[in-house]
Amino acid sequence: MQRKRVLLVEDDRPLADLITYHFEKADYEITRTGDGEEALILVDEIDPDLVLLDWMIEGISGIEVCRRLRRKGATANMPIIMLTARGEEDDRIRGLETGADDYITKPFSPKELVARAGAVLRRVRPALAAEQIDYGGVEMDLAAHRVKRDGKPVQLGPTEYRLLRHFLENPGRVFSRQQLLESVWPHSEDIELRTVDVHIRRLRMALGEHGGGDIIRTVRSAGYALDAETVR
């Protein structure tokens with residue numbers, strides 16, 4: 001199974017070491033920082049599957065990091081677990097209302113944190129719990145990094161693979177070009193919107209190489225969707 005990427009934002013080094021040990025033991029890939037500003041940069045660079053976010057960190061606070069991630073289209077649905085010594089009910093409510101998917105107070109069991117992380121991933125991004133994503137005759141093997149359509153191999157470049165994975169994780173949903181840029185391209189500010197059209201065209205060609213209808217639906221003035229019900 002593909003290793004899930006976790007961004008740990010914690011400035012208490014002994015605690016960060018302990019959390020890292022338990023998550024790596026559970027076969028997660030961990031990236032660490034104790035700074036809020038750097039955390040926002042790392043989110044764009046590594047596109048984590050989950051963020052473990054301490055409330056009180058250097059630079060901007062964890063609650064502000066959470067707020068900014070929720071405001072940005074590419075990270076609006078990114079799973080976030082808040083870690084904090086603030087156990088009062090009002091603080092827990094504030095953390096959850098800001099957009100955290102779960103909230104765990106210190107001191108806590110690292111094993112429980114790993115279990116809670118797995119539960120959040122299964123709930124928020126169920127595709128991550130599987131080694132394979134299937135939709136409309138398209139099969140993506142996440143561990144082997146291979147794609148098939150109707151049992152026949154599909155050759156994709158890295159960008160087309162990321163684009164298809166994003167569609168497969170959100171079948172039927174329409175994404176604008178800007179949303180696709182923010183979700184699929186790590187540094188979308190350097191890329192023009194028309195680049196999306198180029199890669200959509202390449203993806204269509206690859207998926208249709210062995211026959212079969214066009215599974216990518218163009219929605220005028222809105223964007224694109226992976227939609228097996230409109231295959232033509």
Might you confirm whether atom OH of Y21 has over 12 heavy atoms from other residues, nucleotides or ligands at distances under 6.0 Å?
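No, because the 6.0 Å sphere around OH of Y21 holds 12 heavy atoms or fewer from other groups.
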Counting only heavy atoms from other residues, nucleotides and ligands, does the tally under 6.0 Å from CZ of R70 exceed 12?
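Correct, the count exceeds 12.
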If the threshold is 4.0 Å, N to carboxylate O, is there a salt bridge linking K72 and D44?
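Answer for the salt bridge query: yes.
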Using a strict threshold of under 4.0 Å (side-chain N to carboxylate O), is an ion pair present between R32 and D11?
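No, no charged N to carboxylate O under 4.0 Å.
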Answer yes if [X] and [Y] sit in the same cluster of Ile, Leu, Val, Met, Phe, Trp and Tyr residues linked by side chain heavy atoms under 4.5 Å apart, and no otherwise.
X    : Y    : answer
V198 : L180 : no
L7   : I41  : no
V219 : L226 : no
L18  : W55  : no
V174 : L203 : no

Assess the residue pair D227 and R217 against the criterion (salt bridge (charged side-chain N to carboxylate O under 4.0 Å, His left out)); give the C-alpha distance rounded to whole Å, side-chain angles, the decisive distance to 0.1 Å, and a yes or no.
CA-CA 6 Å; D227 193 343; R217 177 165 58 100; 3.0 Å; yes
Identify the two heavy atoms, one from [X] and one from [Y], that lie closest to each other, and give their separation to 0.1 Å.
X    : Y    : value
E24  : I30  : CG-CG1, 4.2 Å
V114 : A26  : CG1-CB, 3.8 Å
L156 : A206 : CD2-CB, 3.5 Å
I57  : G62  : CG1-N, 3.7 Å
L50  : A117 : CD2-CB, 3.4 Å
M82  : A100 : CG-CB, 3.3 Å

Counting N and O atoms only, with roles assigned by atom type, does the side chain of [X] sit under 3.5 Å from a partner on the main chain of [Y], one being a donor and the other an acceptor?
X    : Y    : result
D49  : R5   : yes
Q179 : S176 : yes
S61  : E64  : yes
E10  : D12  : yes

Candidate list R201, R202, M205, test side chain to side chain contact (heavy atoms under 4.5 Å, CB included), partner E160, passing option
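The side chain to side chain contact (heavy atoms under 4.5 Å, CB included) with E160 is passed solely by R202 among R201, R202, M205.
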Nearest 0.5 angstrom please: [X] [atom1] to [Y] [atom2], how far?
X    : Y    : atom1 : atom2 : value
L83  : T105 : CG    : OG1   : 10.0 Å
L8   : D54  : CG    : CG    : 8.5 Å
F167 : Y224 : CZ    : OH    : 8.5 Å
D150 : K148 : CG    : NZ    : 11.5 Å
S183 : N170 : OG    : CG    : 8.0 Å
L164 : L207 : CG    : CG    : 6.0 Å

Mind running side-chain contact (heavy atoms from CB on, under 4.5 Å) on I215 and V138 for me, showing each step along the way?
CA-CA 9 Å; I215 199 172; V138 177; 4.2 Å; yes
Run the numbers on D101 and R116 for salt bridge (charged side-chain N to carboxylate O under 4.0 Å, His left out), then give the verdict.
CA-CA 10 Å; D101 296 286; R116 297 268 283 268; over 6 Å; no
Given side-chain contact (heavy atoms from CB on, under 4.5 Å), test T84 with Y103 step by step and report yes or no.
CA-CA 8 Å; T84 179; Y103 188 106; 3.0 Å; yes
Aromatic ring proximity Y28/H22, centre distance under 6.0 Å
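Judged by ring-centre distance (under 6.0 Å), Y28 and H22 do not meet the cut-off.
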With the side chain counted from C-beta on, respond yes when [X] and [Y] share a heavy-atom pair under 4.5 Å apart, and no when they do not.
X    : Y    : result
C66  : L53  : yes
I133 : E139 : no
L193 : L181 : yes
H199 : W185 : yes

R204 and T218: side chain donor to acceptor below 3.5 Å:
yes
Test side-chain contact (heavy atoms from CB on, under 4.5 Å) on K4 and L121 and set out the steps.
CA-CA 10 Å; K4 293 177 279 293; L121 286 170; 3.5 Å; yes
For R165 and M140, what are the C-alpha separation, side-chain angles and deciding distance, and is it a side-chain contact (heavy atoms from CB on, under 4.5 Å)?
CA-CA 8 Å; R165 177 171 179 173; M140 176 174 282; 3.6 Å; yes
Would you please test D141 and R146 for salt bridge (charged side-chain N to carboxylate O under 4.0 Å, His left out) and show each step?
CA-CA 5 Å; D141 187 326; R146 293 175 179 170; over 6 Å; no
